[in-house]
Each structure stands twice: as structure tokens, then as C-alpha cells.
Amino acid sequence: MNDIAAKLGMTGDQLEGLLAILVRNTVILIGVINVAAVMTLVERKVSAWMQYRHGPNRVGPWGLLQPLADGVKFIFKEVVIPYGANKPLYLLAPAMAAVPAMMTIAVIPFANDVVLFGKNWGPLAIADIDVGILYLLAIGSMSVYGVILAGWASNSKYSLLGGLRASAQMISYELSMILAILAVVALAGSINLKEIAALQASTGNPLDWFFFKQPLACFLLLVASFAETNRHPFDFAECEPELVAGFNTEYSAMKWAIFFIGEYSAMAVMSALSVVLFWGGWSVPFMPDAPWYLGFAAFLAKVSVYLFLFVWVRWTLPRFRFDQLMRIGWKVMLPLALLNLLATGAMLALFGPPGAP
Amino acid sequence: MVIVKRKELSLLERLYVPEIARGLSITFRKMFEKKITRQYPEEPLPKTEVTRGQPRLVVKDDGNIACVSCGLCEAACPAYAITIDGGETDRPIEREPKRFDIDMLRCILCGFCEEACPKDAIFMSDELELADYSREMLVYDMEKLKRPAAAMRKRIEYVHKINDRWRSAPRPPMLADQHGAHGHAPSASTAGSHASSPTAAAQKPHAG
Amino acid sequence: MANALFYLVAALSVIAAAGVVLFRNPISNVLSLLFAFFCLATIYLLAGFQFLAATQILVYAGAIMVLFLFVIMLLNLAPGPNAPELERVGLAMFLRRKSGVTIVIAAALLILGTSAVLGTHDTAVQAAEAMPKKGLDAITATPGSSEGLAGEMFGRYLLPFEAISMLLLATAVAVVVLAKRSRPENS
């Protein structure tokens with residue numbers, strides 16, 4: 001190790017650190033993309049079960065290799081660019097929809113400090129930055145461009161309407177989402193996601209999780225994340241009966257698949273964010289000193305529950321009407337989020353920060 | 001004019017959340033219930049004599065088909081799927097098809113050929129699967145269309161039963177060459193017996 | 001490294017800003033502006049202001065530009081019969097009509113802005129030198145906190161800050177004028 005490092009003009013520690021970063025980031029990114037692939041299967045399986053069906057079960061055992069088959073199909077299908085489309089933007093849009101979701105995963109702390117080969121490699125996150133939540137919200141708000149541009153560049157009325165609806169909806173719900181998150185930020189006194197998670201994990205008592213202090217904020221964030229990821233019951237961007245498929249009507253093959261990788265990655269990020277903010281992140285109940293891999297497993301388990309919830313809700317609820325969506329967003333969610341923030345602020349002012357006796 | 005009075009929603013219903021929770025609990029419970037999907041290739045559909053699958057030419061027990069290439073099925077076919085070239089034969093029926101093709105890609109399984117056939121030569125089988133690697137392979141010739149009468153018996157009897165409702169005279173014996181095997185017309189077993197044979201008519205007690 | 005990155009991003013931001021006014025397609029204008037915002041955010045990051053960078057993207061790129069795009073798509077702006085009208089609006093018109101008041105206001109703004117920048121330049125440089133360590137290292141180090149930012153903005157840089165707000169107001173008024181000019185048949 002040291003010899004190789006010397007040849008590269010580095011010290012052994014530097015090389016080790018560099019390798020650790022490479023391995024960690026690769027693992028996380030590939031993991032997220034695979035979450036998207038697996039989620040397509042989970043979605044089809046769960047929806048089938050809820051409708052007394054089996055779901056895909058031909059490719060591999062229990063249909064486990066279905067995403068692989070789909071991927072091969074997507075890659076070999078023909079990309080059709082509609083007449084009159086704005087070609088550069090048309091090709092750029094899927095990337096702009098998927099990249100923000102991938103970028104936001106960088107600040108999610110998956111586990112506490114990783115101790116491997118007798119060395120502490122730091123927390124399992126690509127970047128442990130101080131403005132984690134702000135970064136996540138800022139980059140996350142970029143994903144709306146992909147949808148808008150896809151709608152506009154396709155030169156199709158269905159797509160345009162889908163894109164416009166999506167943008168209006170995402171702007172409306174982003175406000176309530178940010179306000180809901182702010183309540184937690186006020187409680188934790190930090191916008192560093194790792195610190196927020198550590199605050200809840202320190203004693204191992206599940207009652208320390210912010211869900212039990214901010215149940216309303218948790219619920220608001222859940223609803224807002226359905227809207228932000230364009231999922232049922234708020235999937236106006238792609239509602240089939242009215243808009244054929246909304247903003248992705250004119251897309252085919254891998255371009256189309258990238259939209260879905262983006263959607264599922266965004267779901268994974270929102271789930272992970274909710275887990276960090278409200279469910280203690282990597283905290284294992286009643287085990288304050290759990291090793292990092294247990295914490296990682298706990299984190300993944302919690303995220304899985306959230307992802308299942310996304311699918312579960314999608315196959316249960318009917319779609320809202322667009323005016324209902326706007327009414328809920330502006331007349332219910334926003335006042336509730338504001339009240340929640342106000343109440344949190346008042347409690348903090350009266351009784352001081354939590355944890356302080 | 002009809003005035004529809006909408007039900008006033010109670011506060012609980014307007015909150016959405018309890019109702020949503022109820023819906024979620026229903027879908028969750030349904031996840032573990034018995035699936036009703038039929039795993040098709042492994043669990044084939046039940047087939048009865050009513051199943052109207054692809055048309056087939058019935059092979060009598062003497063190894064011949066009853067077709068005299070009259071062309072009625074060809075004319076009846078709404079999809080123009082049947083092509084027949086007739087020719088002479090030494091058999092008592094004097095005419096037989098030299099070529100009998102059904103384009104399975106055109107066939108719509110309507111069963112008109114079965115109804116049109118005056119000689120009980122073509123029947124709808126219970127075969128439903130139709131897949132191959134080229135269009136040419138799906139144009140079935142006579143050899144591909146032949147099926148032994150034993151395999152088609154139920155369908156033949158069913159069609160006879162249905163048609164006999166409108167028949168005033170007794171049904172003439174079918175499958176004239178092989179009545180011995182058929183069971184209910186043993187005396188008319190000579191080859192070339194005619195449809196109007198009085199013996200055969202007497203053997204149809206339920207007709208008329 | 002950090003310096004090279006700064007010059008690269010600065011050059012890109014200038015190019016993007018030029019694109020905002022030079023592209024004919026309104027959607028391309030908006031996207032150039034978006035890119036310019038990202039370049040600005042990167043510059044903030046290089047200077048160690050993580051909070052400012054995140055806010056820049058969140059507020060401008062994430063919210064305001066989406067509204068812009070929204071409006072542009074709804075209006076379906078195409079180079080139509082009003083386009084030549086728009087082209088005449090500019091310096092020539094500015095000089096020809098009602099020039100008295102506008103020139104005075106513009107001159108006042110220019111003087112105010114320049115004096116504000118000049119007046120605070122020395123202290124700004126000192127503040128910059130006082131900042132512990134800049135460049136890429138600063139991204140992982142303590143960021144310019146929101147508290148410090150507020151102190152600077154409403155304390156030392158109050159005058160430039162207000163000058164910029166006046167500039168924004170002037171822009172808003174100008175936009176109203178242009179928008180009214182483009183549809184003479186309505187008046």
C-alpha cells in the first residue's frame with residue numbers, strides 16, 4: 001500500500017482516504033440506482049398482490065430478474081424523437097429529471113462512523129456538509145426543470161399540460177415541505193443531517209425520535225413528498241386518463257426509463273430524508289452503541305417501510321382533482337405547517353431546547 | 001330535470017385521513033389473500049365441447065376425410081382464410097380436395113365453415129394456441145389440419161345436437177365410412193352409403 | 001486549483017449571462033439564466049459561503065426561475081408582429097423621450113452605487129483577508145454563517161444592499177414599461 005502511494009506521490013493515509021472515498025461513493029451511487037431498479041419490481045409485485053394477482057414471476061425466481069430484462073429491453077428499444085421537438089432540450093430533460101435525485105443522495109447519512117479494518121472511516125455519507133438540508137432542498141427543487149422541459153420540448157399538448165401541472169404542484173408543495181422540515185430544524189438546532197440523526201440516536205430510546213415530538217410535521221412531509229415526487233394521489237404530471245402519460249408521453253426507450261429512475265431515486269431520497277428527520281436515522285431501538293452495520297441495516301429497514309408506503313398509497317387511493325390538490329396544498333397543508341412551526345417556536349421559547357432538563 | 005342531492009360529508013370524512021387509513025388497511029389485507037390469476041401455460045383453460053378453437057378436418061376411421069371440395073366453407077369464410085383446390089378421386093364420393101389450406105393468421109375462429117359444411121368434414125377443435133416463427137408456417141395445409149375423429153367426438157356430437165333442433169327429418173348418418181366404430185348406426189357401415197339411406201334414418205331415434 | 005476553478009466559473013457565468021440577452025428563444029434565455037445562477041452559487045461556494053450558495057439555488061433557481069418558465073410557457077412568446085417594436089425600445093428611446101427625470105434618477109443610482117462600493121471597498125478587502133482560509137478547503141470548513149451574513153448585509157454593506165434594491169425596483173418599472181410598449185393596440 002505504502003509503496004504504491006509513494007509512487008503516486010502521496011502518503012499511505014492519503015491514498016487510503018482517496019480509495020475509501022471512491023469505494024464509498026461508488027457503493028452509494030450504485031446502491032441508489034439499484035433501488036430504482038428494484039422499486040420497479042416491488043411496485044409491480046405489490047400492486048399485483050393488492051389486486052389478487054401474482055405480478056411478474058417469469059424472469060428468474062419469483063420474477064427477481066425482471067428489472068434486468070426491462071433494462072435490456074429499454075437499452076435496445078428505438079429512441080423516437082417527435083417531429084417539431086426542440087432536440088437539445090428534449091434530450092437534456094430526462095437527465096435534468098434524474099440528476100438532482102442522484103445528487104441529493106450525497107448528503108444522506110446512511111450510517112454512523114464506519115469502523116472497518118480497525119480504522120474509523122467517518123460516517124457513511126458521500127458528503128457530510130453543514131447545510132445538508134438546504135443543499136437537499138435546493139438541488140431537489142431542480143428536478144422540476146426536467147419535468148417542465150420534457151413537457152415543453154416534446155411539442156405535444158399532453159406533455160406541455162403535464163409539465164405545467166407538475167411545476168405548479170411542485171412549487172405549491174415545496175413550501176409546506178420546507179416549513180414542515182423547518183420545525184424539525186428548530187427543534188434540533190442544526191441543519192446538518194448527520195447531527196440531526198445523531199441527536200435522536202444518542203440514547204437508543206425510540207421516544208427520542210422526532211416523530212414523537214413532531215408527528216404533524218412528519219405527516220405533512222409525507223404528503224408533500226408524495227406531491228414532490230409526482231406520485232399518487234398527486235400524480236397530475238402523468239395522469240393517464242386525461243394526459244395520456246403527461247410529460248413523458250413522447251419519450252421512449254431509455255429516455256423514458258431515465259425519468260423513472262429519477263422518480264424512484266427521488267422517492268428513495270425523500271424516504272431517507274424522512275427517516276433521518278423523524279425516525280432516528282441509523283438509530284437501532286434500545287441499542288445506543290449498536291455497531292455501524294446494524295445501524296445501516298436499521299436505516300435501510302426504515303427506508304424500505306417508507307418506500308413500501310409510497311407504493312401502498314399509490315395502489316389504494318384515487319387521484320385528486322387538480323383544484324382539490326391546490327386547495328389542499330395552499331389551504332390545508334400550508335396553514336398547518338405554519339401553525340406547527342409557530343407552536344414549535346413557542347414551545348422552544350417557553351421550555352428551551354429538548355434534552356435540556 | 002333531475003336534482004342530485006350530494007351527501008353532506010361529516011367532519012371525519014372531510015378530514016380524508018381516517019378514510020384513507022381505512023382504504024389502506026383494506027388493500028393491505030387483500031395482499032395476503034388467494035390469488036385468482038391463472039398461470040396460463042402451466043394451468044390451461046378448461047376445454048369443453050363448446051370451446052370454439054381452430055377449424056380442423058376430421059379424419060374418419062378409414063383414414064379419409066369427408067370433404068368433397070364443394071367450396072361452401074370457402075364461400076362462407078368472412079376472412080377469406082380458406083383455399084380449396086378440388087380434384088377427382090376413385091373413392092365413391094368422386095371429388096376430394098387436392099389442396100385445403102387455412103391461413104391461421106386470417107382465421108377469426110367464427111365457426112362459419114363448420115356450419116356451412118354439408119358433409120360434416122370440418123369442425124372447430126378445442127385447440128387454441130397459435131404461435132410459430134414465420135407467417136408461412138401458420139398457413140396450415142391439409143396434413144396439418146387433419147385430426148382423428150376420436151379426438152373431435154365431443155364437438156361433433158355437440159354440433160349435431162344443436163343443429164338437430166331445426167331438423168324436421170331424421171339426421172342422416174355421418175361419418176358414413178366408419179359407423180361401426182361410432183356406435184349408434186351399426187347397420188350402415190358399408191362404404192359409400194348415402195345420406196338418404198332409410199336404415200340410417202331409422203337409427204336416429206331422437207331426431208324430429 | 002481553487003483560483004483556476006474560480007476563473008473558469010466566472011467566465012462561464014459571463015457567457016451564460018450574455019446568453020440570457022442574446023438567445024432568441026425565451027426558453028433558452030431562461031435556461032442560460034439558470035446556468036448563470038448555478039455559476040454564481042459555485043462562486044459563493046468557492047468563497048466559503050455554503051449557506052448563501054444553497055439559498056441562491058433554492059430561491060432563485062428553484063422557485064423564481066420556475067415561475068419565469070411557467071409564465072413563458074403559458075404566454076407562448078414567439079417573435080410576432082410586436083418584435084420590431086421591442087427592438088426600438090432601448091437607448092435611443094431612452095434618450096429621446098422623458099429623458100429628464102430618467103437621466104437624473106439613473107445618474108443618482110450610478111453615483112449612489114459607485115460611492116457605496118468605493119466606500120466599502122477597503123473594508124471588504126480587509127474582511128476578505130481576515131477570513132481564515134478560502135477556496136476549496138473552505139467548503140468543508142465552517143461556512144459563512146447565516147448570522148454573520150446578516151450582520152454584514154445589514155451592517156457594513158447596507159448602502160450597496162439598498163442600492164441593489166433600488167436597481168431591482170428600476171428593473172421592475174422598466175419591465176412594466178416594456179410590457180406596455182409591446183401592445184400599443186391596447187392603449
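On a predicted model such as this, the values are computed, not experimentally measured, just so you know. Sequence lines set the chain letters: A, B, ... in the order given, protein chains first and strands last, and positions in each chain run from 1.
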| query | Would B:Arg99 and B:Asp85 pass as an ion pair if we require N to O under 4.0 Å? | reply | yes
| field | A:Val332 versus chain B, the contacting section by heavy-atom distance below 4.5 Å | value | neither
| field | Under 3.5 Å side-chain donor-acceptor pair for B:Thr27 and A:Trp315 | value | no
| said: Less than 4.5 Å to any heavy atom of chain B: does that hold for the side chain of A:Leu309, its backbone, both, or neither? | reply: neither
| Toward chain A, the part of B:Phe28 with a non-hydrogen atom under 4.5 Å | both
| Residue pair B:Arg147 / B:Gln54, side-chain donor-acceptor N/O under 3.5 Å | no
| task | Under 4.5 Å, counting heavy-atom pairs only, tell me which of B:Gln39, B:Lys30, B:Lys34 racks up the most with chain A. | result | B:Gln39
| request: Before accepting this row, confirm whether a basic side-chain N of the pair A:Glu43/A:Arg231 lies closer than 4.0 Å to the acidic partner's carboxylate O. | output: yes
